[in-house]
Q: 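After the structure tokens below, expect a handful of questions from me.
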Amino acid sequence: MSQPKLQEKSREFPAVEISGMNRALAADIRKRSGTQFQRCFQCQTCANGCPFVQAMDYPPNVIMRMLQYGMEQEVLRCSTIWICVGCHTCSSQCPMGIDIAAVMDSLRLKAVEAGAPIAKPNILDFHEEVLRSLERYGRAHKLSIMWRYKMQTGRWFSDLDVGLKMLARRKLELRPSRVKNIGEITELFKCYWRESK
Amino acid sequence: MSRRPYLNFSYFPGCSMATTATEANESIKKAAKVLGFNLMELEDWNCCGSSSAQTMCKNLSLGMAARNLSLAPPGWPLVAMCPRCLHYLRSAQECLRASPEAHHALEDHWGRPIPLDLEIVHFMEVLVRHGTDRLKKNLKRSLQGVKFVPYYGCTLFRPPRMQKEKYFQGEMENLLKMLGAEPAPDAYAYRCCGSFLSATDPEVVTPLVNEIIDSAVAARANCIVTACAMCQLNLEIRCTSKVRLPVFHFSEVLALALGAEDYEEWWPRHIVDPRPLLEELKLVA
Ligand code: SF4
Ligand code: SF4
């Protein structure tokens, strides 16, 4: 009998079950983002380093935990995924090598696809205005983006001084710079979700 | 005088450099010319896709970046200055490497090859690789007295994808030191500038930008030099601090040191006028 005692004792521990857990969401986001967020052990390095955490409803580490728990509604409806600019401060500092910004990217796409209520509609509007400019010119035309964006969101005067300063310094060009072969660009927009619906 | 051969590159300016930051575009071309780099603008280039395409549709984002790759002449490295453009162009290439179906589909669609071995490099890397002796030889105006915070912003080496490539930390200091400037790196040199939040949620960005500028003032810098045109814009338009510093594009100080004379066109495009500083340092008349 040379077998050590410990080994006899080894057994499987029962899984902890969380009610309403959506495993499909976690699997989907893992596949889309290509990152292993289940490794997250809540050290909060990501939250401490994120420059925009104050403006978010949940810090990035909580998003990881909610994803692990399959809390679909919360992660798809939160403002965090829209505020995140993808600066990768978190991804570069995570001790578990989780690309948190990639998770945010995937959640944002998923939220749009799933038709979830958007916590920061002004940010979605902005991205749409940029895409409209890209569709039309193939390049970003800042003046028309800002113009239409301000019209949409009704924030007319909020940034007037900055806009005027930029105009005065010829930073907002009046005429867009364009792609000649614009057909090749418009074709690319066929796959875009807005059109497919 | 020994004539050095020109080195050929294709050049992707990107939307910011082509429009809001033409001063960066002009100065990079000027500097490249002096150094013997032939930057051929990519014929009929389009936006790299930017965060907005990345946010809204993966295929769109891939297609936008990949079209640029399909326009690049073979054998010439593709140079970008904007870190985000660089990031999206490289990401697209990596994505096409991993997905031969997508690669072939796009090649068939456009009827042009998309070379997967095309080298995509940042302008600073071109300098580091080929430029150091060229820099020293062509120095016309020493940048003595310029005490700068090397502001890299977030994208030049943070994204995991970029970390597989060249690491740029310290390069801006090395290059500008050769030209006589003194780095003041003890500031928020990598803090994100706010990106699109500067347009959508300026009240979130302003305090952060102020912290960046204040940290530069505390580090006793007299200016900030950025590697990214969007950062340059955000640091200028969102700062409300009392003491403000001029924010230069990297290519502007580079071209200035290399003897550019058309800088009068650049400074009026700055929101914080850099002329008083440059005059004080006797860098411009
Ligand atoms: S830094 Fe990484 S491990 Fe730590 S809480 Fe954030 S995601 Fe989790
Ligand atoms: S990538 Fe997003 S979550 Fe991460 S630090 Fe930047 S803004 Fe915060």
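These numbers were taken from a predicted model, which means no experiment stands behind them. Below, chain A is the first sequence line, B the second, and so on; all start at residue 1.
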Q: Checking the side chain of B/Asn46 only, and the main-chain atoms of A/Gly138 only, is there a donor and an acceptor separated by less than 3.5 Å?
A: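 No; judged by distance alone, with no hydrogens or angles, the pair does not exist.
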Q: Quick one: CG on A/Asp125 to OG1 on B/Thr200, what's the gap to the nearest 0.5 Å?
A: 10.0 Å
Q: Would you compute the distance between atom CG of B/Leu60 and atom CD1 of A/Ile185 and round it to the nearest 0.5 angstrom?
A: 9.0 Å
Q: Taking all non-hydrogen atoms of both residues, which atom of A/Phe126 and which atom of B/Phe196 are closest, and how far apart?
A: CE2-CB, 3.6 Å
Q: Looking at every non-hydrogen atom in both residues, tell me the closest pair between A/Val85 and B/Gly194 and how far apart they are.
A: CG1-O, 3.8 Å
Q: So which of A/Lys120, A/Arg178, A/Arg32 has the biggest tally of heavy-atom pairs under 4.5 Å with chain B?
A: A/Lys120
Q: Among A/Met104, A/Gln54, A/Glu184, A/Arg108, which has the most heavy-atom pairs under 4.5 Å with chain B?
A: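 Most pairs with chain B among the choices: A/Glu184.
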Q: Does the B/Asp44 side chain pair with the main chain of A/Asn181, one donor and one acceptor, at a distance under 3.5 Å?
A: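 Between the backbone of A/Asn181 and the side chain of B/Asp44 there is a qualifying donor-acceptor contact (under 3.5 Å).
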Q: Examine whether an atom of A/Cys84 lies under 4.5 Å from a heavy atom of chain B, and if so say whether it belongs to the side chain, the backbone or both; otherwise answer neither.
A: backbone
Q: So, does A/Arg139 use its side chain to make a donor-acceptor pair with the main chain of B/Gly14 at under 3.5 Å?
A: no
Q: Give, as side chain, backbone, both or neither, the part of B/Cys15 having an atom under 4.5 angstrom from any heavy atom of chain A.
A: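 Looking at B/Cys15, just its side chain touches chain A.
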Q: Any salt bridge between B/Arg67 and A/Glu187, counting N to O under 4.0 Å?
A: no
Q: Please indicate whether B/Tyr188 has more than 12 foreign heavy atoms, meaning atoms of other residues, nucleotides or ligands, lying under 6.0 Å from its OH.
A: no
Q: Measuring from B/Ser52:OG to A/Glu129:CD, what's the distance to the nearest 0.5 Å?
A: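 Answer rounded to 0.5 Å: 10.0 Å.
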Q: Please look at A/Ala55 and chain B and tell me whether the side chain, the backbone, both or neither of the residue comes under 4.5 angstrom of a heavy atom of that chain.
A: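 Only the side chain of A/Ala55 comes within 4.5 Å of chain B.
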Q: If you measure from SG on B/Cys47 to CG on A/Leu131, what distance do you get to the nearest 0.5 Å?
A: 9.0 Å
Q: Which atoms form the tightest heavy-atom contact between A/Val130 and B/Ser50, and what is the distance?
A: CG1-OG, 4.1 Å
Q: Between A/Ile123 and B/Leu197, is the side-chain contact (heavy atoms from CB on, under 4.5 Å) condition met? List the steps.
A: CA-CA 8 Å; A/Ile123 294 179; B/Leu197 291 176; 3.7 Å; yes
Q: Quick one: closest heavy-atom pair of B/Cys154 and A/Cys87, and the distance?
A: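 Distance-wise, the nearest heavy atoms are CB-O, 3.4 Å.
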Q: In terms of heavy-atom proximity below 4.5 Å to chain A, should B/Glu43 be classed as side chain, backbone, both, or neither?
A: side chain
Q: Chain B heavy atoms under 4.5 Å from A/Ile83: which part of the residue, side chain, backbone, both or neither?
A: both
Q: Determine, step by step, whether B/Leu208 and A/Phe52 satisfy the side-chain contact (heavy atoms from CB on, under 4.5 Å) criterion, reporting the C-alpha distance in whole Å, the side-chain angles of both residues, the deciding distance to 0.1 Å, and the verdict.
A: CA-CA 9 Å; B/Leu208 295 166; A/Phe52 309 105; 3.3 Å; yes
Q: Taking atom CG of B/Asp186 as the centre, report whether more than 12 heavy atoms of other residues, nucleotides or ligands fall under 6.0 Å from it.
A: no
